[in-house]
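Everything below concerns the one structure shown next.
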Amino acid sequence: MRFLSTRRRNPAAKPLLLLLALVLVGSAYALISPSASSSADSNVSSQVAAGKAIFETNCSSCHGMNGEGTSQAPSLAGVGAASVDFQMGSGRMPMARPEAQAPAKATDFTSEEISQVAAYVASLAPGPEIPSSDQYSTAGLTAEQLARGGELFRTNCSACHNIEGRGGALPNGSYAPSLMKTSGKHIYEAMRTGPQQMPVFAKGTMTDQDVKEIIGYLNTTHAQPSDGGFALGGLGPVSEGLWAWVIGIGACVLVAIWLARKGARSR
Ligand code: HEC
Ligand code: HEC
């Protein structure tokens with residue numbers, strides 16, 4: 001009987017042991033993980049808190065105390081860190097006064113402050129994130145891929161920004177700015193967030209690879225004037241001929257002077 005009962009208890013002991021093991025692992029995990037995640041959490045929350053403070057002094061008069069929007073400016077819930085990084089990084093925000101279109105200009109904020117405000121706005125609702133440099137780097141693009149970037153640009157962007165990205169006026173009195181000096185990061189962010197009348201080009205329609213090719217195309221187009229040796233004022237063969245002439249005549253004059261002095265001495 002005794003023997004039988006232990007044999008009968010044995011099968012129940014196995015699940016019990018398993019349960020004990022689970023509890024042990026669980027509490028060990030609970031001991032380790034909160035310290036790791038809470039330090040990450042407090043990092044994020046101190047960023048968000050610092051961003052909120054900057055936001056309240058510089059942005060809330062138009063966008064509302066909690067970024068909910070006012071009659072002056074739209075809600076920022078869901079616009080994402082990328083939108084803030086673009087708007088503040090390009091000097092558009094904070095807008096000086098309510099107007100139709102905020103011009104791009106040098107920003108007074110440090111990149112640290114901008115990322116704090118971006119973290120705060122991202123905490124309101126999820127939206128497009130700030131890209132990492134490998135998402136917009138154009139390193140290693142082939143000539144074929146750059147040509148494809150040109151095609152994508154002509155199809156999707158040139159109607160507003162001009163065929164070479166030099167910018168243009170829009171029908172309602174606003175303008176699409178020149179892209180001659182825009183950084184790859186801002187091009188990426190503008191495409192993902194669509195400022196003002198510009199449409200949003202989400203990852204579903206334009207992959208990161210497509211965006212890179214467009215950036216690469218714009219970079220090569222805008223770098224072209226200084227591509228081939230000395231620009232010499234950009235006048236091409238004529239000015240190069242002129243220089244050859246000036247230097248050539250100069251050399252002849254020097255030889256003539258030298259000959260004249262030699263002749264004078266020998267007399
Ligand atoms: C004088 C009012 C004003 C102030 C101050 C201001 N904004 Fe704006 N903001 C606007 C208006 C108007 C728009 C919409 C028009 C536009 O996008 O140019 C806007 C648009 C934006 C957008 C784009 C939203 C989108 O849909 O992608 C962001 C992001 C933004 N503001 C962030 C900020 C931040 C951050 C600050 C403070 C550093 C700030 N703004 C200060 C008026 C203001
Ligand atoms: C319907 C017209 C329109 C189209 C199409 C369009 N954009 Fe724009 N884009 C604009 C306007 C308007 C602005 C200025 C927004 C502002 O000032 O807030 C802008 C701004 C930008 C900026 C910011 C420039 C700066 O100096 O900070 C970039 C970069 C940009 N666009 C790239 C593109 C690319 C790349 C495409 C194609 C994939 C494209 N845009 C398609 C209208 C357009």
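Just follow the structure's listing: the first ligand is 1, and inside any ligand the first atom is 1.
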Could you pull out every N or O of ligand 2 that sits under 3.5 Å from a protein N or O, with the distance for each pair?
{"from": "ligand 2", "atom 1": "7 (N)", "to": "His161", "atom 2": "NE2", "distance (Å)": "2.9"}
{"from": "ligand 2", "atom 1": "9 (N)", "to": "His161", "atom 2": "NE2", "distance (Å)": "2.9"}
{"from": "ligand 2", "atom 1": "17 (O)", "to": "Arg92", "atom 2": "NE", "distance (Å)": "3.1"}
{"from": "ligand 2", "atom 1": "17 (O)", "to": "Gln101", "atom 2": "NE2", "distance (Å)": "3.0"}
{"from": "ligand 2", "atom 1": "18 (O)", "to": "Arg92", "atom 2": "NE", "distance (Å)": "3.4"}
{"from": "ligand 2", "atom 1": "26 (O)", "to": "Thr182", "atom 2": "OG1", "distance (Å)": "3.4"}
{"from": "ligand 2", "atom 1": "27 (O)", "to": "Arg92", "atom 2": "NH1", "distance (Å)": "2.9"}
{"from": "ligand 2", "atom 1": "27 (O)", "to": "Arg92", "atom 2": "NH2", "distance (Å)": "3.4"}
{"from": "ligand 2", "atom 1": "31 (N)", "to": "His161", "atom 2": "NE2", "distance (Å)": "2.8"}
{"from": "ligand 2", "atom 1": "40 (N)", "to": "His161", "atom 2": "NE2", "distance (Å)": "2.8"}

Between atom 8 (Fe) of ligand 1 and His63, is there an N, O or S atom separated by less than 2.8 Å? yes

Partner residues of Thr110 under the side chain to side chain donor-acceptor pair (under 3.5 Å) criterion, sequence neighbours left out: Glu113

Between Arg97 and ligand 1, does any nitrogen or oxygen pair lie at a separation below 3.5 Å? no

Any atoms of ligand 1 less than 4.0 Å from a non-hydrogen atom of Cys59? List them with their elements. 34 (C), 35 (C), 36 (C), 37 (C), 38 (C), 39 (C), 41 (C)

Please indicate whether Glu144 has more than 12 foreign heavy atoms, meaning atoms of other residues, nucleotides or ligands, lying under 6.0 Å from its CD. no

Does Arg192 come within less than 4.0 Å of Asp208, counting only side-chain N to carboxylate O? yes

Contact atoms of ligand 1, heavy-atom distance to Val117 under 4.0 Å: 35 (C)

Using a side-chain heavy atom cutoff under 4.5 Å and only I, L, V, M, F, W and Y, what cluster partners does Met198 have? Tyr136, Leu152, Phe153, Leu179, Ile187, Tyr188, Met191, Phe201, Met206, Val211, Ile214, Ile215, Tyr217, Leu218

Distance alone, cut at 3.5 Å: any donor-acceptor contact between the side chains of Gln196 and Ser174? no

Is it true that Lys52 and Glu56 make a salt bridge, defined as a side-chain N closer than 4.0 Å to a carboxylate O? yes

Select one of side chain, backbone, both or neither to describe which atoms of Ile54 lie under 4.0 Å from any atom of ligand 1, heavy atoms only. neither

For ligand 1, which atoms, with element, lie under 4.0 Å from some heavy atom of Gln72? 12 (C)

Please state whether the rings of Phe86 and His186 are parallel, tilted or perpendicular, taking 30° and 60° as the class boundaries. perpendicular

Can you confirm whether Gln135 is buried at CD, in the sense that more than 12 heavy atoms of other residues, nucleotides or ligands lie under 6.0 Å from that atom? yes

List every atom of ligand 1 that sits less than 4.0 Å from any heavy atom of Ala73, numbering the atoms from 1 in the order shown and giving each element. 10 (C), 11 (C), 42 (C)

Other hydrophobic cluster members with Ile130, side-chain heavy atoms of Ile/Leu/Val/Met/Phe/Trp/Tyr under 4.5 Å, chained? none

Under 4.0 Å to a heavy atom of Pro98 - the qualifying atoms of ligand 1, by number: 1 (C)

Surrounding NZ of Lys105 (heavy atoms of other residues, nucleotides or ligands, distance under 6.0 Å), is the total greater than 12? yes

